[in-house]
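Notes for the one structure printed next.
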There are 2 protein chains.
Amino acid sequence: HTPFFIVTELKAGHGLDFKNVVTMDDFELSCKGLYRALTIREKYMRLAFQRFPRTASKYLRDIDGEPFKPDDQLQPVFTPPPKNGEDPFDTKNLPKNLGYVARMKDGVIYVYNDTAAADKHQPKDLPCPDYATFIDDMNFLIALIAQGPTKTYTHRRLKFLMSKFNVHEMLNEMEEMKELKMNPHRDFYNCRKVDTHIHAAACMNQKHLLRFIKKSYRVDADRVVHNLKGKEVTMKELFQSLNLHPYDLTVDSLDVHAGRQTFQRFDKFNAKYNPVGASELRDLYLKTENHISGEYFATIIKEVATDLEEAKYQYAEPRLSIYGCNPNEWTKLSSWFVKHRVFSPNLKWMIQVPRIYDIFRGRNFVPHFGKMLENIFLPVYQATIDPQSNPELSIFLKHVTGFDSVDDESKHSGHMFSTKSPKPEEWDIVKNPSYTYYIYYMYANIAKLNQLRRERGMNTFTFRPHCGEAGAVTHLLACFMTADNISHGLNLKKSPVLQYLYFLSQLPIAMSPLSNNSLFLEYAKNPLLEFHKKGLVVSLSTDDPMQFHYTKEPLMEEYAIAAQVFKLSTCDMCEISRNSVLQSSLSDEAHFLGANYLKEGPEGNDIRKTNVAQIRMAYRHETLCYELNLIKEGLKAE
Amino acid sequence: HTPFFIVTELKAGHGLDFKNVVTMDDFELSCKGLYRALTIREKYMRLAFQRFPRTASKYLRDIDGEPFKPDDQLQPVFTPPPKNGEDPFDTKNLPKNLGYVARMKDGVIYVYNDTAAADKHQPKDLPCPDYATFIDDMNFLIALIAQGPTKTYTHRRLKFLMSKFNVHEMLNEMEEMKELKMNPHRDFYNCRKVDTHIHAAACMNQKHLLRFIKKSYRVDADRVVHNLKGKEVTMKELFQSLNLHPYDLTVDSLDVHAGRQTFQRFDKFNAKYNPVGASELRDLYLKTENHISGEYFATIIKEVATDLEEAKYQYAEPRLSIYGCNPNEWTKLSSWFVKHRVFSPNLKWMIQVPRIYDIFRGRNFVPHFGKMLENIFLPVYQATIDPQSNPELSIFLKHVTGFDSVDDESKHSGHMFSTKSPKPEEWDIVKNPSYTYYIYYMYANIAKLNQLRRERGMNTFTFRPHCGEAGAVTHLLACFMTADNISHGLNLKKSPVLQYLYFLSQLPIAMSPLSNNSLFLEYAKNPLLEFHKKGLVVSLSTDDPMQFHYTKEPLMEEYAIAAQVFKLSTCDMCEISRNSVLQSSLSDEAHFLGANYLKEGPEGNDIRKTNVAQIRMAYRHETLCYELNLIKEGLKAE
């Protein structure tokens, strides 16, 4: 099968082609640092059953002088789609109560054999780096990304990767296309793509929401749907109180679409979630908890799901919120999920946790940050220990695939995470802790939870925070340590070291250039194309179709615009689709990427399913190995 | 009702604000030239029953010292949509034979009372500028667009228009949005938009064509569909001869989508019209004339029409080809149209004439250029004189709304149109005549034809050529004289005088930035936004969904991408939609723009139908008047 041309073309440049720029000492220093950074990420991924690529592990073992065993590669566990006739809401086979006790201590949930062990704090062995270790690792990385020689080295490698891809493109573009043309029955339209980052409350487009509101009024005008200042009111009365008639509503008056006004204004953007600026309508149509038990919201989501099922090759991973104000949130959310049977084979659920402790504390909803963490995680631990104690939650958790951490990253917290930071239970001031503080505690609780769940044969959760949309580059550093994958990643532009590490560890990034275009970065300046060329694993996602998209197929709109503006080839688009599956909770589905998808290079690619040229796969694999090999050489030289 | 803020803001700058840069003499010279240019266009528009805006006419009459009579404003005549129950193919009420004789002389068709008059060349009075007059007018304009002072003046005015719009936007953006929010029931989604430039042979998207091919094979595999080297073959045999099985086909192997390979390569782009590179499949699926009488092509078009009818607010003006190789082309095309009942209220038909005389002459299909013109126009004249002689053609012509002139403008013909150019009947060399030569003879024949048809109470035709996509700026000059409106217009970037004249005469331009992006100009460099801001009348069109678009809603995709890349406001998008109706053959439909749409300024805008803010309309009108008034002042000064 056709070898790609670049190998021979660039042979002349093989070896330590940077010698002229970096001294041998600097080279060795950089490699040492990068090596350690990779081992840190590998460790955190293992402990949380998150993904770390085989190729990087292999090189790390090689450097360590240890054998590489592919079977040691940990993977998250996702609930497979229900088999024919199986009811996704069936509670019959819920596992038995283990009788364990779960309690929070210093912001992390510990599991004990029983109350006595709990009282003596003799927890079960669910290993997780304590915060001292975390801070150590973090400080090492903070130093690394600021280290001159490593900055020079990674900057140069990234530049080289860019040029190398450009050369690859010029030499192999037609060959790649030929491969795709020879590939029967599969093209961009019917290769699987996952909307890896989308918020449930904005997963419909503005026109869909408008149509739904009008329809609901035609049917339900006289239904009691809301509690207005203590009085139950019908939909008619509710709209009257707002001086509105749904017939007159338009997408303009609905006003849920981001525009020029939202650029650099996350606050205005958030306000757009209120249709016609009325939080009552957000409550009625976009919330799971309200006077009608979130019926409309469930119906809208199921309509979106139906569209995806009809499109057949499109999937989405919508986020639902858990705030941590109240321990009952999970029960309410899961009962909404079960009551309205909000299930679709084309949807996989994620839980988003907004980083707004400061607001809750200010309103006295929680006494300290530890309570917020407890509200978020304790119910999940309890349902994991004794699923039958909360069957609805247990069922819901089967369909939850991960956690997201969300909010405006450009808000500076003023807090710097260190060993001197107060413990969560001591954090009772109104100020918000830093991004990293949130990230560490979410990671730690998820990691331990996953160990417990995996022991029980249950599905595990990935940690997939919003990261690098704005704010400090340290956000990207914290997620390099802890996240299975991230959303946005724009700020990788600002740190060559982190960008190179994201490349080496093939850490997936769900990018949403249309969202960025309305909020943080003009479309043409989006680094998506650059990242893609360099070999970072990027996928395309919509973020909020309600706010950003115009057509009935938001994900296709996202791809179409990227294809046009960045002049992506079919191979590029299919590679990005493949990345989206790899990054998602659907990577395991055998008919998506093929059975061998975990194997390295072209071997792991089933072109009949992915429509990605083997030449491209070979290029990517060889390029990655070349960079990892340099690190190996750097360490050997030492 | 709210006045917009700019009036007061810019009052200080009122008057001859360019005085510092242009001397009074130069100013007068420029105004004189621009005035004459406008009168030239007005004259050509009148003679062909094409559109010229009221506001400009008013100023011209004012300068002439003549009264302005709005009723003198000529308009094209379009066939109204069939009333309830009316059959659009009904031939019952075709007008009687007038008994006239039509003959071509010097490339133009003349109409005579009878053969005797024809033999003596005593034609009926259907006035049209002869080619000497045309060349005079053209030479004046050629000198004008090269005239230093006029270039400076218009360049400066255009710069001013740009800045003025930016100021308007900053001051009135929120006010405009407020107006739109207050406008009940109408938003961007349900305001009418017309795809003003689309080729029938590529009006479906690639996925649609693929699906149609697969479906046709499932149903019709054993049907005789093609004549392969003299032998009738079934669809199965046809695909076997191509070594293909439709089941394996993908959009990649279909290969009808433009990509990076087509940039600056109109030839490659044209080749993309052949599915799988096989002209046999183009014949079978995308032609009106073939072994199955164009049945598949008709079916695909009707499917596209159904999509538009369901979308409800979207219309399209697809182009069908008449080549001029053969006098029977019209009969065949119209019989295809009638046989398959290719009618939809959401489609209005245009005839495109490719400028490829050189190819036909080279293959000896025609003896000279005059014959090609005769083949194109004589059948239409004859059907106009005696509709019953060709009822199918007469019916078809009722649904034809205009002519387009198409081909690669970047090909240089080497011929310069002058009084010394050979007459069409003398043009028997293989070389192609120039763009302008084509344009003049198409215009002349359309103008006379329209006079004849209007006399008979028939619909008239507009001339809407492709113009300024590439090639010399003289193309834009020829169309300034002759065209009701144009497609593309990119090269207006290169001539400030022409750009300013297009602005003053509000000459509509159907722009297709996605098409340009694949062929001639990167998206971000497209002048659409600039033209729109300056107040040129631009609309958005798809050109070739098969080649350029990805989603099921190509026109919405075109709008969505423009909205995102150019950050258009809702008011901008609705103004562009309104422009598309104004430019189209649907401008007359009362429920599209409202009954007063021909009136000037806000009076002509029915916001309840268009969703364009009155503030915007007032700004546009006042700005146009200001510029026209400057010309008046310049002429008064003299």
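With a 4.5 Å cut-off on non-hydrogen atoms, B:R260 touches chain A through its side chain but not through its backbone. For B:I561, the parts lying near chain A are the backbone and the side chain together; criterion is any non-hydrogen pair under 4.5 Å. Neither the backbone nor the side chain of B:L254 comes within contact range of chain A; no heavy atom of the residue lies under 4.5 Å from a heavy atom of that chain. Using a 4.5 Å cut-off between heavy atoms, B:E558 makes no contact with chain A at all. When heavy atoms are compared at a cutoff of 4.5 Å, B:Y523 does not approach chain A at all.
In terms of non-hydrogen atom pairs under 4.5 Å with chain A, the most contact-rich of B:H549, B:M174, B:Q564 is B:Q564.
Aromatic ring orientation, B:F188 versus A:Y550: perpendicular (interplanar angle above 60°, classes split at 30° and 60°).
Remark: B:K552 NZ to A:E553 CD distance equals 4.0 Å, nearest 0.5 Å. Taking CG from A:D187 and NZ from B:K207, the interatomic distance works out to 5.0 Å, rounded to the nearest 0.5 Å. Note that the OG1 atom of A:T551 and the CE atom of B:M556 stand 7.5 Å from one another [nearest 0.5 Å]. For the atom pair A:S253 OG and B:M177 CE, the distance stands at 8.5 Å (nearest 0.5 Å). Taking OH from B:Y189 and OG1 from A:T250, the interatomic distance works out to 11.5 Å, rounded to the nearest 0.5 Å.
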| Audit row: B:D252, A:N611, side chain to side chain donor-acceptor pair (under 3.5 Å) steps and yes/no | CA-CA 10 Å; B:D252 301 332; A:N611 205 42; 2.8 Å; yes
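Annotation: cation-pi geometry satisfied between B:K567 and A:F263 (NZ/CZ under 6.0 angstrom from ring centroid, within 45° of ring axis).
Of the possible donor and acceptor atoms, none in the side chain of B:H185 sits under 3.5 Å from a partner among the backbone N and O of A:L249.
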